[in-house]
Amino acid sequence: MLLKRSHNCACLNLTDKGTTVILNGWIKKIRDFGKFVFVDLWDHTGIIQLVFRPEIEGLAEIKHCIVGDSIGVKGDVVERQDKNHHLSTGEIEIAVNEWVRYSHSEPFPISDNPSEETRLKYRYLDLRSEKMQRNLRFRHDVIKKIRDFMSEKGFIEVETPILSKSTPEGARDYLVPSRLQAGSFYALPQSPQIYKQLLMIGGVDKYFQISRCFRDEDLRANRQPEFTQLDIEMAYADEEDVFRVTEVLFRDVVHSAAGISVPVPFQRMTYEEAMSRYGSDKPDTRFGLLIEDKTEECRPEGFTILEEAIKRGDAVKGILLKGHEPSRKEIDSMTALAKDKGAAGLMWFKIKEGMIQSPVAKFLQDKGESLTRSFAMEEGDTLFVVASASSVACSALGAVRLYLRDLYQLAGETKGLHFLWVTDFPMFFYNEDQKRYETEHHPFTMPVAEDMERYLEKSPEKIRSRSYDLVLNGEEIASGSVRNHIRSLQKQVFEKIGLAPETLQKRFGFFLKALQYGTPPHAGIAPGIDRFVQILLGEESIRDVIAFPKTTNAACLMTESPSEVDAFQLDELEIKVNNKN
RNA sequence: GGAGCUGUAGUUCAGUUUGGUUAGAACGCCUGCCUGUCACGCAGGAGGUCGCGAGUUCGAGUCUCGUCAGCUCCGCCA
């Protein structure tokens, strides 16, 4: 028997006193007093207390219910004698007249403070937690706002295939074997990139999609193998059009979902500046601590470490931490970070009673004066210096900078949202391992035309692309570009990254062909929904904004996927598994 | 591929530094008592492959090696 509910648990209050209601939900807590029993009933709206009095039928049975049981009750809203002010429904309780247990629960395997492993194994129970309920609802609100906004701006949502074609440029593909053409494979899309460009050629003009993307790469706290992005593409548009619509979109979504006002337009910065000043292509602009290049000014005589570095052509760069002196242990951690990024080491300097303090102090013939002067260092500050190839020094100090941010909460604990456009990424970079050029963004990005002419043969790494990232509080939350709509130029790019003509034809022939039919100039962007929601909610893990996430091993502890399959399934696909063990 | 942290009852943890009797606590579960709780209380009970496998030792939850799993980071992520 289903007692059809009249209300949700937490939607009642003292004004409902005297009414008869029917509630459905789970037992959250049960307190047995012999002659009567209190039950905290929970549904997605919250908790309300039920009281089972001696005179009702089934009093003995309610004593045998446990946390997690699903029940329905009919009863009267009554005012409590002793009110509970910790509860929104704490002024009332439901005096139960009639009730039914829909289903019994095994003892609950998940506590108030569950481990990550337990949460993932019993995800359906973890989802009943206040946090997951709130996060899923928030995520829904964000996505609904996005859909409404895009529709209002004249974009239409078009779905693109999940079973698509492998394009092994970039991330590793997830492959799906074909049965009808055994030996051939589909790939799950890393993004709908090519399809959305084909939609532009197809006259869709303004496209968007809340789309699932798949990348078979290692996971991180903010990275899952499948994730959701808002895919956007506009015909007859350039970067300024994309910036404008994206900025207003984020402004409106942030305002309606989180109640925060952010100014538009967003700050912009070139890739070059981001790398040289922040040591990152996704700089956290919520605080200073910028990297300074003192290769010219700072040449303390007799300090052979620096002198020889400069002679080699290395740069001397540093960041000055005002008013903090990290401990030896903390400096060791920072040194390890710098070395991870390829620096030979991390030099540090403090001033104590006018005297410079540093492991390398004894080498400083000028007592460190040229250092303290060029960096404007004062007592109480700590100076970190790296002498390395310029790019190495920057990324090393970039890592140190973020360590200091976390150590001293330099980004502040306020809900400040700093959006930043990073522009002018390089088109190509040289892959040392594979001895060939690759595209920094993706091969469909439009290179800057004049750079292409000047540098294509001699120094391709100097060619800029018309691509851009949107960074929020030091996290990349969107990436996009003006696309290459010129077939000959697209072919040049493919050739530069070493795609042999036959390979090119096999992988991208259909696309190059499509480009022949009057491709409109177009541009787009793809914000990552999961990461954006994660930042707005202040969650440390992206798993907490996804209903059914995977572990760092890309496994699902609940369904135990991935798993072996039956031999007949493999037979149908003509696949043989090589068991390495 | 590499580094670090973690793994003990259904759950969350203590015990590992310094090897030594029968591995503990809390919550949960089971049985009983209780007329106003909201962390209800009281009495009793069940519940353990100390992740797994080797090794050292008279003796291993504890030491060593390997391995698996979870988390974080580097590489990787057009």
Side-chain angles (χ1 to χ4, degrees), chain A residues 28-41 47-55 59 63-64 66-68 78 80-87 89-90 93 95 105-122 125 167-173 189-191 193-194 213-225 227 333 336-342 395 399 402-403 406 425-429 431 433 437-445 465 467 476 479-481 493-494 497 526 528 531 540-541 543 550-555 557 560 581:
Chain A
K28 191 84 177 169
K29 197 92 198 180
I30 185 161
R31 293 178 290 278
D32 178 2
F33 281 79
K35 291 286 186 294
F36 62 101
V37 175
F38 294 109
V39 168
D40 290 340
L41 187 72
I47 286 174
I48 190 164
Q49 175 168 285
L50 312 176
V51 57
F52 294 74
R53 290 182 169 144
E55 60 271 18
L59 186 72
K63 292 164 184 276
H64 288 105
I66 65 169
V67 171
V78 299
R80 288 210 210 173
Q81 299 164 12
D82 293 309
K83 293 177 178 162
N84 182 344
H85 299 290
H86 302 295
L87 218 54
T89 57
E93 63 188 1
S105 174
E106 287 294 304
F108 228 56
I110 183 164
S111 69
D112 289 343
N113 177 33
S115 68
E116 195 68 22
E117 222 169 329
T118 307
R119 291 181 62 196
L120 293 174
K121 185 171 176 190
Y122 295 98
L125 300 181
T167 53
E169 296 306 304
R172 204 176 284 114
D173 283 323
Q190 296 174 25
S191 78
Q193 182 61 38
I194 293 179
C213 305
F214 306 85
R215 295 178 191 174
D216 187 4
E217 296 293 344
D218 287 356
L219 284 75
R220 286 285 188 283
N222 64 2
R223 208 197 290 166
Q224 283 273 306
F227 58 96
S333 301
L337 286 174
K339 284 182 175 171
D340 273 351
K341 297 289 182 185
S395 43
L402 292 184
Y403 180 92
D406 298 337
F425 281 78
M427 184 73 199
F428 301 101
F429 71 94
N431 184 323
D433 297 334
Y437 283 96
E438 289 183 19
T439 48
E440 175 81 29
H441 186 57
H442 59 57
F444 314 106
T445 302
S465 70
S467 65
E476 178 195 324
S479 189
S481 62
V493 170
F494 280 135
I497 60 177
R531 205 175 281 180
E540 287 188 6
S541 172
R543 291 183 299 274
K550 303 234 176 348
T551 67
T552 43
N553 220 2
L557 297 183
E560 296 182 316
N581 336 331

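Every chain is numbered from 1, with letters handed out A, B, ... down the list of sequences. As a basis for the values below, the full set of heavy atoms in this structure was taken, side chains included, without hydrogen atoms, waters or symmetry mates.
The neighbour count for A:Glu55 CD, taken as heavy atoms of other residues, nucleotides or ligands under 6.0 Å away, is above 12. When the shell of 6.0 Å around CG of A:Asp406 is examined, it contains more than 12 heavy atoms from other residues, nucleotides or ligands. For A:Lys339, the NZ atom counts as loosely surrounded, since its 6.0 Å shell holds 12 or fewer non-hydrogen atoms of other residues, nucleotides or ligands. In this structure, A:Lys121 places its NZ atom where only 12 or fewer heavy-atom neighbours from other residues, nucleotides or ligands lie under 6.0 Å away.
B:C58 sits 37 Å from B:U12 when the C1' atoms are compared, rounded to a whole Å. Across the P atoms, B:C29 and B:G24 are found 23 Å apart, a figure rounded to whole Å. Taking the P atom of each, B:C5 and B:G59 are spaced 30 Å apart, rounded to whole Å. When the C1' atom is used for both B:G51 and B:A9, the distance is 15 Å, rounded to whole Å. Rounded to whole Å, the P atom of B:A25 lies 14 Å from the corresponding atom of B:A43. Taking atom C1' on both nucleotides, B:C13 is separated from B:U8 by 9 Å, rounded to a whole Å. Separating the P atom of B:A14 from that of B:U6 is a span of 10 Å, rounded to the nearest Å. Nucleotides B:G48 and B:U11 are separated by 14 Å at their C1' atoms, to the nearest Å.
Phosphate contact (OP1/OP2 of B:U11, side-chain N/O of A:Thr118, threshold under 4.0 Å): absent.
Base contact: A:Glu93 has a heavy atom under 4.0 Å from a base atom. Residue-level contact check: A:Glu440 touches the backbone only, with heavy atoms under 4.0 Å from sugar-phosphate atoms and none from bases. Residue A:Ser191 is classed as a base contact, given a heavy-atom separation below 4.0 Å to a base. When heavy atoms are screened at a 4.0 angstrom cut-off, A:Pro443 is found touching base atoms of the nucleic acid.
The closest donor-acceptor contact from the side chain of A:Thr167 to the backbone of A:Glu169 lies at 3.5 Å or more, if one exists at all. With hydrogens and angles ignored, the 3.5 Å screen pairs no side-chain donor or acceptor of A:Glu93 with any backbone N or O of A:Val51. Between the side chain of A:Thr89 and the backbone N or O of A:Ile47 there is at least one donor-acceptor pair closer than 3.5 Å. Put simply, the side chain of A:Gln224 never gets that close to the backbone of A:Leu219: no donor and acceptor are under 3.5 Å apart.
Map A:Gln81 and A:Ile110 each onto its nearest nucleotide of RNA chain B; the residue landing nearer the 5' end is A:Ile110. For A:Phe429 and A:Phe38, each mapped to the nucleotide of RNA chain B holding its nearest heavy atom, the one lying further toward the 5' end belongs to A:Phe38.
The CD1-C1' distance, from A:Ile48 to B:U37, rounds to 16 Å in whole Å. In this structure, A:Phe36 atom CZ and B:C34 atom C1' are separated by 9 Å, rounded to whole Å. In this structure, A:Glu106 places its CD atom 13 Å from C1' of B:C30, rounding to the nearest Å. Put simply, CD on A:Glu169 is 14 Å from C1' on B:C77, counting in whole angstrom units. One atom, NZ of A:Lys28, and another, C1' of B:G28, lie 14 Å apart when rounded to the nearest Å. When the P atom of B:C77 is taken as reference, atom NE2 of A:His442 falls 15 Å away, rounded to whole Å.
Here the closest heavy-atom approach between residue A:Glu440 and residue A:Phe429 is recorded as OE1-CD2, 3.6 Å.
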### Query
Can you give one letter per nucleotide of nucleotides 38-48 of chain B, going 5' to 3': B for a protein heavy atom under 4.0 Å from the base, S for sugar-phosphate only, - for none?
B-B--------

### Message
So if I define the base as every atom that isn't primed, P, OP1 or OP2, how would nucleotides 68-76 of chain B read as a B/S/- string at a heavy-atom cutoff under 4.0 Å?
### Response
-SSBSSBBB

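For the pair A:Arg31 and A:Asp40, the salt-bridge criterion is met [side-chain N within less than 4.0 Å of a carboxylate O]. Remark: A:Arg543 engages A:Glu116 in a salt bridge, criterion side-chain N to carboxylate O under 4.0 Å.
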Distances under 3.5 Å between nitrogen or oxygen atoms of protein and nucleotides 2-8 of chain B:
none

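Across every strand in view, B:C29 sits in a pair with B:G45 that passes the Watson-Crick or G-U test at under 3.5 angstrom. Judged by Watson-Crick or G-U wobble contacts below 3.5 Å, the nucleotide B:G66 has B:C52 as its partner. Base pairing of B:U72: its partner is B:A3, meeting the Watson-Crick or G-U wobble criterion (both donor-acceptor distances under 3.5 Å). When both distances must be under 3.5 Å, the Watson-Crick or G-U wobble mate of B:U22 does not exist.
Note that NZ of A:Lys28 and CG of A:Leu41 are 11.0 Å apart. Values are rounded to the nearest 0.5 Å. In this structure, A:Ile30 CD1 and A:Phe52 CZ are separated by 7.5 Å, a value rounded to the nearest 0.5 Å.
Between A:His442 and A:Phe444, the ring planes lie tilted relative to each other; the angle falls in the 30° to 60° range.
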